[in-house]
Amino acid sequence: MADTMDRRTFMGAAGTALALGAGGSTAEPLSAVAAPPLASGIRGLVDRTPLIDTHEHLMPEADRIAHADGGDGRTSSDFGLLMSHYTDSDLQVSGLSADDYRKLTTHGMDPREKWKLVAGAYERCRNTGYQLCVREAVRALYGEDDIREGNCEKISRRLREGIRPGFYRHILRDVANIEHAQVNCLQNPILRQSEPATDLLSFDLTTVNLATNVQMSALRLAAGGAEVATLQQAHAAVDRAFSTLGPRAIAVKDQCAYWRGLDFVDVPDAEAAPIFARFAKDETSVRRAERKALQDNLFRRCIHRATEQKLPIKLHTGYYAGMGGMDLSVVRNNMADAARLAREFPDATFVLMHMAYPYQHELTALCKHYRNIYADMCWAWIIDPTSATRFMKEFLMAAPACKLFTFGGDFMPVELVPGHARVARRGITLALTQLVQEGWVSESDVSALAERVMRGNAREVFDLKRVLANQP
Ligand SMILES: [Zn+2]
């Protein structure tokens, strides 16, 4: 049949190309369509290989313990917690009201009553990656296959009982097989200092308050109490933040793509200085365009300092968390803007997060073309699991494997990380298995490839040894 011939011709050509490209190693022969043992072998390999998690928002464990039974507007310690982050967006897009969402995720209501509020919306969106992640989390942590009226109390009780000293290490290491997690703290203006980095957790230095959504309070903090009235003094504050906190940070993180483009124009100091002088007196006095000019000037300063300290710069790119607010006309320029940054700052290392979804093809092209651009699949596996699987597969045939980080849970509640890790491992297994089955990758290369993309690349690019040596 023509169909068979086409396939044979195609696979033959692919085999030749692979043999040529593989420096002497031979591709699998055409007939070697993988049998089930291959798939289960790769699954076992991926399950055994620890992940380095390059992006989380975990709050301090001590805070979770202190507020386990409420207070301070905290999220409840019941099954509502599992529906409080990301999942909530699909639920609300599917009909859950803002008021019911608040009741679901705060203290003060019985789990069964909460279930009645959320059951209808959950049914309407239970197909998505966000909800799959919740189910995988309760499977990994509590041995349940779903949340329903009959087990929501039991899951809630076990979740509450689990909140005790050491539960982060237990969940990340023992349940999720995560070697280390990098945390972007949303509660601290520059870097989390309430706890030191450890073999388990390290922290990003955020440039949001110093530059891309500049706050005078953060600049004053960075200046160590010195006056910040001029651009020169603001630069000194930024420099001081990097010289004092940079050595303790694993990376720089900025999520300004939520409110502006990544087009950081070279605004000369002479132009930015009078704007800053006014801003320092009255933050509301600068117009939108002036504010952007100031952000551009200060963020470029941050890029220089990060480059000197060899801190990779993680940038949010692509899809927006939440619902009802994404301006796609800004998002779709992220990759073109990032390419300009890579050219202008050839010695800086840029990590483009979230697979740039839904512009993941552009991200592959950038990683292939620019030495200093890396792709991070954090959050991507649950935004769109099948696209993430295809992305990984296509990336590995186009861009160097050393440019890919495959996992970040991107969660505030640690309890959801194992669910995300299970979804990711399923996708990684599928991508690698299909590459072998289709004859693109030789079976003997899989083990090294999995090791590299699951943790080896993170070990190469992020200097945890330096971070641990510089803790106070
Ligand atoms: Zn994040």
Side-chain angles (χ1 to χ4, degrees), residues 51-60 63-64 75 81-90 129-130 133-134 137 168 172 176 178 180-192 197 201-213 249-260 262 311-323 325-326 330-331 334 338 350-360 363 374-385 388 391 404-421 423-424 458 461-462:
L51 284 160
I52 289 186
D53 175 340
T54 48
H55 185 54
E56 296 291 350
H57 293 290
L58 306 177
M59 51 197 90
D63 266 26
R64 283 289 310 278
T75 308
L81 178 84
L82 304 175
M83 296 188 158
S84 69
H85 200 181
Y86 301 127
T87 300
D88 65 294
S89 310
D90 283 349
Y130 286 173
C133 176
V134 171
Y168 275 25
L172 294 172
I178 288 169
H180 182 84
Q182 301 173 6
V183 175
N184 170 210
C185 177
L186 297 175
Q187 288 82 28
N188 197 285
I190 305 170
L191 178 79
R192 182 178 294 174
L201 301 180
S202 57
F203 306 103
D204 293 334
L205 186 160
T206 175
T207 44
V208 168
N209 302 305
L210 295 173
T212 58
N213 186 25
I250 192 77
V252 164
K253 160 79 197 298
D254 202 291
Q255 65 267 31
C256 65
Y258 275 101
W259 56 87
R260 53 157 293 161
L262 299 177
L311 288 171
I313 300 165
K314 300 170 171 175
L315 296 175
H316 174 98
T317 61
Y319 196 71
Y320 286 5
M323 51 163 284
M326 181 168 57
V330 176
V331 175
N334 283 173
F350 296 99
V351 177
L352 305 185
M353 307 173 84
H354 318 309
M355 189 176 91
Y357 183 80
Y359 299 99
Q360 56 268 33
L363 176 57
Y374 289 75
D376 193 326
M377 295 185 74
C378 55
W379 189 24
W381 295 105
I382 60 168
I383 296 175
D384 187 339
F391 168 77
L404 185 65
F405 308 117
T406 50
F407 185 70
D410 209 347
F411 275 123
M412 285 188 272
V414 71
E415 289 87 343
L416 287 162
V417 179
H420 199 154
V423 176
V461 174
F462 299 99

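Just follow the structure's listing: the first ligand is 1, and inside any ligand the first atom is 1.
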**Prompt:** How about Tyr374 and Phe462: are their ring centres within less than 6.0 Å of each other?
**Reply:**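 Ring centres of Phe462 and Tyr374 not closer than 6.0 Å.
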
**Asked** Among all residues two or more places apart in sequence or in another chain, which pass the ring-ring contact (aromatic ring centres under 6.0 Å, His included) test with Tyr168?
**Response**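 ring-ring contact (aromatic ring centres under 6.0 Å, His included) list for Tyr168, sorted by chain: empty.
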
**By ring-ring contact (aromatic ring centres under 6.0 Å, His included) - contacts of His354 (at least two apart)** =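 Per chain and number, His354 pairs via ring-ring contact (aromatic ring centres under 6.0 Å, His included) with His55, His316, Trp379.
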
**Prompt:** Does a salt bridge link Asp204 with Lys314, judged by any charged N lying under 4.0 Å from a carboxylate O?
**Reply:**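 Lys314 and Asp204: salt-bridged.
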
**Asked** Partners of Glu415 by salt bridge (Lys or Arg N to Asp or Glu O under 4.0 Å), sequence neighbours excluded?
**Response**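 For Glu415 the salt bridge (Lys or Arg N to Asp or Glu O under 4.0 Å) partners, ignoring immediate neighbours, are Arg64.
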
**Item:** the Zn ion (ligand 1) neighbourhood, protein N/O/S only, threshold under 2.8 Å
**Value:**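 Near the Zn ion (ligand 1), the protein supplies His55 NE2, His57 NE2, Asp410 OD1.
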
**Beyond-backbone contact of Asn184 with His57, side-chain heavy atoms, under 4.5 angstrom** =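 The answer is yes; the side chains approach within 4.5 Å.
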
